[in-house]
Amino acid sequence: MKRTLGLLALLLALVAAYFLFFYEAAPDNIFHVDVTTRIGVVELQTIAKGEAKDKLRLERQENNSWSVNGTYTAIQAKVDDFLTLLTQIRVVNKLEEKGQQSALSLLKRNHTRIDILDRDGGELKSYLVGATAQQQTANIMMISGADQAYVVARPGSEGYVSIYYNTELNNWREKLLFAVEGTDLREVRTEYLDSLSNFQLRRTGADAPWTIGEGVYADEERVNGYLDLFAGKVFAESFVGEQFPGLRDSLERRTPDAKFSFVTLDGKSKALKLFARPENPNNFFGFVQGGSELYTVQHFVVDKFLKTGDYFQKSGI
């Protein structure tokens with residue numbers, strides 16, 4: 001019995017020694033970031049066929065919003081999802097020697113390099129995101145400067161993680177049409193191709209009544225309901241300038257089907273010009289006056305703001 005116990009103890013010791021000295025477990029945490037509040041900058045650089053292509057820089061602002069390439073406001077929900085991903089990715093397994101050579105060859109020619117910096121500019125993580133693995137639910141990834149590739153995935157996700165590391169600028173840019181609260185408005189106006197439907201809703205100050213014409217007071221209940229629609233940011237569906245080259249300038253020379261504009265109590269103003277699309281009744285072409293971008297603007301987003309004068313008239317008038 002003692003001999004059996006001794007052999008068992010020796011066997012357990014040998015197994016422990018193997019794992020201690022010879023077995024190299026995949027470190028599942030080498031790519032992820034523990035706390036996203038530490039992140040100040042994320043830079044993404046596409047390398048295709050060995051050549052540097054698109055580069056994108058996401059940078060945290062003082063109010064915790066994010067900018068894209070130092071010029072545009074980023075889509076907050078998209079950034080939040082991306083930051084969450086950075087905390088969740090895990091190593092699935094380490095590639096064997098044969099797979100390593102193939103992965104390293106692919107990564108050398110095609111990858112997206114990710115550099116994650118803290119708020120002081122120090123490096124938190126730097127790694128390469130490569131092709132999808134054979135199971136199509138993970139990606140080949142490697143720490144920058146290393147010679148060991150791993151299969152990395154987002155636990156519980158059916159898709160591969162590379163789709164999150166997109167360097168296309170328009171996928172990150174906020175498609176903002178306007179942002180205003182109803183309580184901040186002094187004037188709202190809509191002009192139609194059919195001018196009979198035009199309206200101008202205005203007041204002289206924060207405590208003054210609203211009118212829809214010279215000395216014509218608007219229905220207070222309807223005005224309040226309308227102002228409640230203005231609750232912050234309103235977005236377009238998509239950027240389409242590249243799809244329709246020259247159309248933005250062409251539309252500038254046309255009378256819009258609707259022009260929606262407002263002025264705030266502190267004097268800021270914005271105007272949105274909208275053009276019907278006979279081939280697509282679901283949205284307008286539109287642009288902000290003075291801006292260069294051409295958008296598609298969905299009817300269900302903007303139609304609620306396009307009232308007519310009689311909508312605000314008091315009952316019996």
Side-chain angles (χ1 to χ4, degrees), residues 44 46 53-59 61 65-82 163-164 166-182 184-185 187-195 197-200 229-264 267-308:
L44 303 93
T46 298
K53 300 292 184 181
D54 296 337
K55 187 173 184 178
L56 190 120
R57 178 183 174 93
L58 299 171
E59 187 168 4
Q61 304 302 297
S65 64
W66 288 75
S67 67
V68 187
N69 290 354
T71 302
Y72 307 103
T73 301
I75 302 170
Q76 190 62 47
K78 187 175 181 68
V79 173
D80 289 343
D81 194 25
F82 180 57
I163 58 175
Y164 291 91
N166 192 299
T167 57
E168 174 61 40
L169 175 63
N170 284 347
N171 284 330
W172 293 93
R173 284 182 58 192
E174 194 175 58
K175 305 171 186 69
L176 183 66
L177 295 173
F178 59 87
V180 69
E181 299 288 338
D184 295 330
L185 290 168
E187 178 182 314
V188 183
R189 177 183 298 194
T190 300
E191 302 166 65
Y192 297 96
L193 202 57
D194 169 18
S195 60
S197 300
N198 292 355
F199 85 87
Q200 180 183 16
L229 299 175
F230 295 85
K233 293 182 176 181
V234 176
F235 299 100
E237 179 186 26
S238 61
F239 297 104
V240 290
E242 293 181 0
Q243 296 172 246
F244 300 93
L247 180 58
R248 166 68 178 76
D249 293 334
S250 174
L251 291 176
E252 186 71 81
R253 297 188 291 270
R254 288 172 44 188
T255 301
D257 290 277
K259 179 183 176 182
F260 169 76
S261 60
F262 62 81
V263 180
T264 61
K268 296 178 182 177
S269 62
K270 183 156 286 190
L272 175 65
K273 293 185 175 182
L274 301 165
F275 300 83
R277 299 182 62 185
E279 85 289 359
N280 187 341
N282 295 317
N283 57 50
F284 293 103
F285 282 128
F287 59 84
V288 175
Q289 189 167 311
S292 60
E293 298 290 352
L294 179 65
Y295 306 96
T296 56
V297 181
Q298 293 170 300
H299 278 279
F300 84 87
V301 170
V302 75
D303 281 1
K304 60 188 178 183
F305 300 108
L306 305 179
K307 303 299 185 183
T308 57

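Values below: all heavy atoms of this structure, side chains included; hydrogens, waters and symmetry mates excluded.
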>> With ring-ring contact (aromatic ring centres under 6.0 Å, His included) as the criterion, how do Y295 and F235 come out once you've worked through the C-alpha distance, each side chain's angles and the decisive distance to 0.1 Å?
In response: CA-CA 10 Å; Y295 306 96; F235 299 100; over 10 Å; no

> Could you go step by step and tell me if F178 and F262 meet the ring-ring contact (aromatic ring centres under 6.0 Å, His included) rule?
Replying inline: CA-CA 10 Å; F178 59 87; F262 62 81; 5.6 Å; yes

> After noting the C-alpha distance and the side-chain angles of V68 and E174, does the key distance pass the side-chain contact (heavy atoms from CB on, under 4.5 Å) rule?
Replying inline: CA-CA 9 Å; V68 187; E174 194 175 58; over 6 Å; no

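Partner V240 forms a side chain to side chain contact (heavy atoms under 4.5 Å, CB included) with one of N283, N170, T296 and no other, that one being T296.
One distance of note links OG1 of T190 with CG of N198; it measures 8.0 Å at 0.5 Å rounding. Here the CG-CZ distance, from L247 to F287, works out to 9.0 Å after rounding to the nearest 0.5 Å. If you take OG on S269 and CD on E187, they are separated by 9.5 Å, rounding to the nearest 0.5 Å.
Between E237 and V301 the shortest side-chain heavy-atom distance does not fall below 4.5 Å. Between K78 and N171, some side-chain heavy-atom pair lies under the 4.5 Å cut-off. Looking only at side-chain heavy atoms (C-beta outward), K175 and I75 come within less than 4.5 Å of each other. Counting heavy atoms from C-beta outward, F305 and L272 have side chains that stay 4.5 Å or more apart. At a threshold of 4.5 Å between non-hydrogen side-chain atoms, the residues D184 and F230 do not count as touching. The closest side-chain heavy-atom distance from L169 to F239 is not below 4.5 Å. Residues L274 and D257 fail the side-chain proximity criterion, which asks for heavy atoms closer than 4.5 Å.
Separation of the F260 and F284 ring centroids does not fall under the 6.0 Å cut-off.
Looking only at distances, a side-chain donor or acceptor of W172 sits under 3.5 Å from a matching main-chain atom of N166. Side-chain N or O atoms of Q61 include one that pairs as donor or acceptor with a backbone N or O of E59 at under 3.5 Å.
Within the structure, salt bridge (Lys or Arg N to Asp or Glu O under 4.0 Å) pairs that include any residue of residues 238-253 comprise R248-E252, E252-K273 (at least two apart or interchain). Residue pairs meeting the salt bridge (Lys or Arg N to Asp or Glu O under 4.0 Å) criterion with at least one partner in residues 287-308, sequence neighbours excluded, are R173-E293.
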